[in-house]
Amino acid sequence: MKSKTIYYFVEDYSPNIDYKNGVTIALTPTACYDLARFGIKYGTMENFSFKDDFKIDPEAYFFDQLKLFERIDDYLKNSIEFCAQKNINLTRAHYNQIKYFLDTAIVHCNSLTLFIVTKNPGKIMFISKHCSGEKTSFYSLHRAKTSVVSRILPYICESLKVPLEIVNLSSKNDHDTIDGIFNCRNYVKQTPAGALIKSVINFIRFKKYRNIFAYTRNKFGHKRHNILFLHVGDYRINYAVWKAMSAGCKVFILSKEYILKENAVSEEITLDLKIRDNSGQMAKKIKVDCLAASKSILEQEYIFDWLSNKCTLDVRNFFKPYFENFISDICAADLCKIDKMINFFHAEKIDAIITRASQGADSAFVLSAATIVSAKKICIQHSGTVRDGLLYQMTELGFFDYYISSEPISEEYFKIYAKKDMFKKCKVFQSPHYLRYVKKKYERAIRRSKKETIMFVPADGSFGIYNFNNQFYNEIWYYEFLLAL
């Protein structure tokens, strides 16, 4: 028999709710802070943590999930001719984003279901300003306007036959974009004058003034490699671009929808990656195949059986639109770009790509194309960490032929894991150029006579986002831990 108790699930505090009529449950650190500030007694879901109540072996889960990804890729290759021809594994290419989304949904589904089954509420009132307007995409997770709880809670309540009322606190301003507003970055990217400005910026950024004659000589006597760089703008990559140009290499950079060739003074567009309605026959065939594959995804019962088993609830209708979007939109766009990239790699005789990450929409299609043409894939470490986990090893080593660590400790760490069978094709080296850069900045700061104020501002952008093979803790526990400090 259901109780008559109303439970207020609060992601964002509203002063217009009378919380005295029921039990208040804070779902976020922000809610904890505001409820405490206004003297409202609240509880949390920490006692219903998925990690505590659902015993899981992270390593077994990791490999079990990898098998699921492999089966999805087998389905895509059986359904999409271009995928089969080039042996493209797009689920694996987008591994990081898909894994984070699946793991996060599994965590929330289990904790919410356990809470509801245990407390047997008469009604749930969900209060949030993050419950509308988000696209059903695996990429709508980090920095999203819509929380995962707001997306999955309606499915859980419907399944458990619990009345749910959603109080949407979002306003129009919360979803405003900068479209139509002057934006310096857009101007630089999209106008002829902006292109000139960008050329000047890159002339300075890549120290071209030192290398004007490097294009007519090879001072090291080595082969001039042709290299494509991703994630330019980060010092770690900028330094590598500068070194490549000073050695006389032919340098290309990925800039949003374009591949740019860096010349001695300026730059020029080498490849336009935009997918247009009048694209060729290959692009049209890819889109047709992807759309058909997306419409049949629900027939692949092993996917949704695996997810429902992990969620302890039938979640087919929840995950279905995400997989449909992945195949019809993301895969279709990627495959069209991969087709263009293969031609680019051959035409420009690209020897290697250099990037700082395997995760991200741009990395996925470029790494896939590089694999097809056997170009070397090189990753420069983008950050150090004290964490250990299979996700970290997978994303840093699992997609590359060479990994350039930024300091000795990381080099030693990755060399240990590069001995594993699944990572052994990746060779680990070290380049401390970023460490030297940081040390110089620190030394300059020390020499200043004026004392600087140091502020401790916790800013974890992953609140409410989980991964079983990375750090795993309840964000409210972390908030309370920081308060205790």
Side-chain angles (χ1 to χ4, degrees), residues 49-52 54-74 89-110 138-139 141-142 148 302-303 306-307 309-311 355-360 363-364 367-368 371 377-407 409-430 460-475 478:
S49 164
F50 172 73
K51 191 177 183 184
D52 294 335
F54 187 86
K55 303 303 179 185
I56 186 170
D57 177 349
E59 185 168 341
Y61 176 88
F62 174 84
F63 289 105
D64 188 35
Q65 191 177 56
L66 272 184
K67 289 178 182 177
L68 174 69
F69 281 32
E70 289 170 5
R71 291 192 67 182
I72 298 171
D73 275 327
D74 287 342
N89 296 306
L90 282 177
T91 315
R92 184 184 174 95
H94 291 274
Y95 171 81
N96 191 72
Q97 288 297 138
I98 298 176
K99 177 175 176 57
Y100 261 107
F101 190 91
L102 298 187
D103 288 10
T104 297
I106 290 169
V107 170
H108 286 303
C109 191
N110 276 269
F138 290 130
Y139 276 85
L141 184 61
H142 293 85
V148 175
Y302 58 88
I303 300 174
W306 190 93
L307 291 167
N309 176 263
K310 300 302 180 188
C311 289
T355 178
R356 63 171 188 155
S358 62
Q359 56 267 46
S363 297
L367 287 170
S368 296
T371 299
K377 302 182 292 291
I378 303 168
C379 181
I380 297 177
Q381 183 178 5
H382 69 279
S383 66
T385 183
V386 295
R387 301 180 308 214
D388 181 29
L390 278 165
L391 176 81
Y392 192 43
Q393 299 152 27
M394 178 71 172
T395 56
E396 300 296 289
L397 301 177
F399 293 83
F400 299 103
D401 301 299
Y402 299 96
Y403 186 78
I404 313 299
S405 63
S406 57
E407 30 75 25
I409 296 174
S410 292
E411 180 186 21
E412 183 180 357
Y413 171 85
F414 285 113
K415 278 186 173 178
I416 291 170
Y417 286 102
K419 294 176 183 177
K420 288 186 174 183
D421 286 343
M422 66 183 302
F423 303 134
K424 65 182 180 182
K425 76 178 182 69
C426 185
K427 296 178 174 59
V428 179
F429 299 93
Q430 182 200 157
D460 190 339
S462 300
F463 280 150
I465 300 174
Y466 297 100
N467 192 306
F468 289 119
N469 300 107
N470 202 355
Q471 81 275 16
F472 193 116
Y473 53 81
N474 182 286
E475 62 269 24
Y478 183 61

Quiz item: Side chains of I106 and Y466: closer than 4.5 Å at any heavy-atom pair?
Solution: no
Looking only at heavy atoms, what is the nearest atom pair of [X] and [Y], with distance?
X	Y	result
C426	L397	CB-O, 3.7 Å
D73	R92	OD2-N, 3.2 Å
A105	C311	O-SG, 4.5 Å

I'd like to know whether [atom1] of [X] has more than 12 heavy-atom contacts from other residues, nucleotides or ligands below 6.0 angstrom.
X	atom1	result
K67	NZ	no
K425	NZ	yes
I409	CD1	no

Under 3.5 Å donor-acceptor, [X] side chain and [Y] backbone:
X	Y	answer
S363	A357	yes
Q381	S406	yes
S358	T395	yes

To the closest 0.5 Å, what do you measure between [atom1] ([X]) and [atom2] ([Y])?
X	Y	atom1	atom2	result
I378	I404	CD1	CD1	6.5 Å
L390	N470	CG	CG	10.5 Å
F468	D64	CZ	CG	12.0 Å
M394	F62	CE	CZ	5.0 Å
N89	T371	CG	OG1	9.0 Å
C379	F399	SG	CZ	11.0 Å

Quiz item: With a 3.5 Å cut-off and no angle check, do the side chains of D388 and Y417 form a donor-acceptor pair?
Solution: yes
Practice problem: Compute whether any side-chain donor of one residue and acceptor of the other, for Q65 and D103, lie under 3.5 angstrom apart. | Solution: yes
Exercise. Evaluate the salt bridge (charged side-chain N to carboxylate O under 4.0 Å, His left out) criterion for residues D401 and K427: first the C-alpha distance (whole Å), next the side-chain angles of each, then the deciding distance (0.1 Å), finally the verdict.
Key: CA-CA 6 Å; D401 301 299; K427 296 178 174 59; over 6 Å; no
Exercise. Fit a plane to each ring of F69 and Y95, take the angle between them on a 0 to 90° scale, and name the class: parallel (under 30°), tilted (30 to 60°) or perpendicular (over 60°).
Key: perpendicular
Quiz item: Should the ring pair Y413 and Y392 be called parallel, tilted or perpendicular, given that the plane angle runs from 0 to 90° and is split at 30 and 60?
Solution: tilted
Quiz item: Please walk me through it: do N96 and L391 pass side-chain contact (heavy atoms from CB on, under 4.5 Å)?
Solution: CA-CA 8 Å; N96 191 72; L391 176 81; 3.7 Å; yes
Quiz item: When you look at L68 and T91, which way does the side-chain contact (heavy atoms from CB on, under 4.5 Å) test go after all the steps?
Solution: CA-CA 10 Å; L68 174 69; T91 315; over 6 Å; no
Practice problem: Under the side-chain contact (heavy atoms from CB on, under 4.5 Å) rule, what do Q393 and M422 come out as? Steps first, then yes or no, please. | Solution: CA-CA 10 Å; Q393 299 152 27; M422 66 183 302; over 6 Å; no
Exercise. Let me know which of Q430, E396, K377 forms a side chain to side chain contact (heavy atoms under 4.5 Å, CB included) with Y403.
Key: E396
Exercise. Assess whether side-chain contact (heavy atoms from CB on, under 4.5 Å) is satisfied between F138 and H94, documenting all intermediate values.
Key: CA-CA 9 Å; F138 290 130; H94 291 274; over 6 Å; no
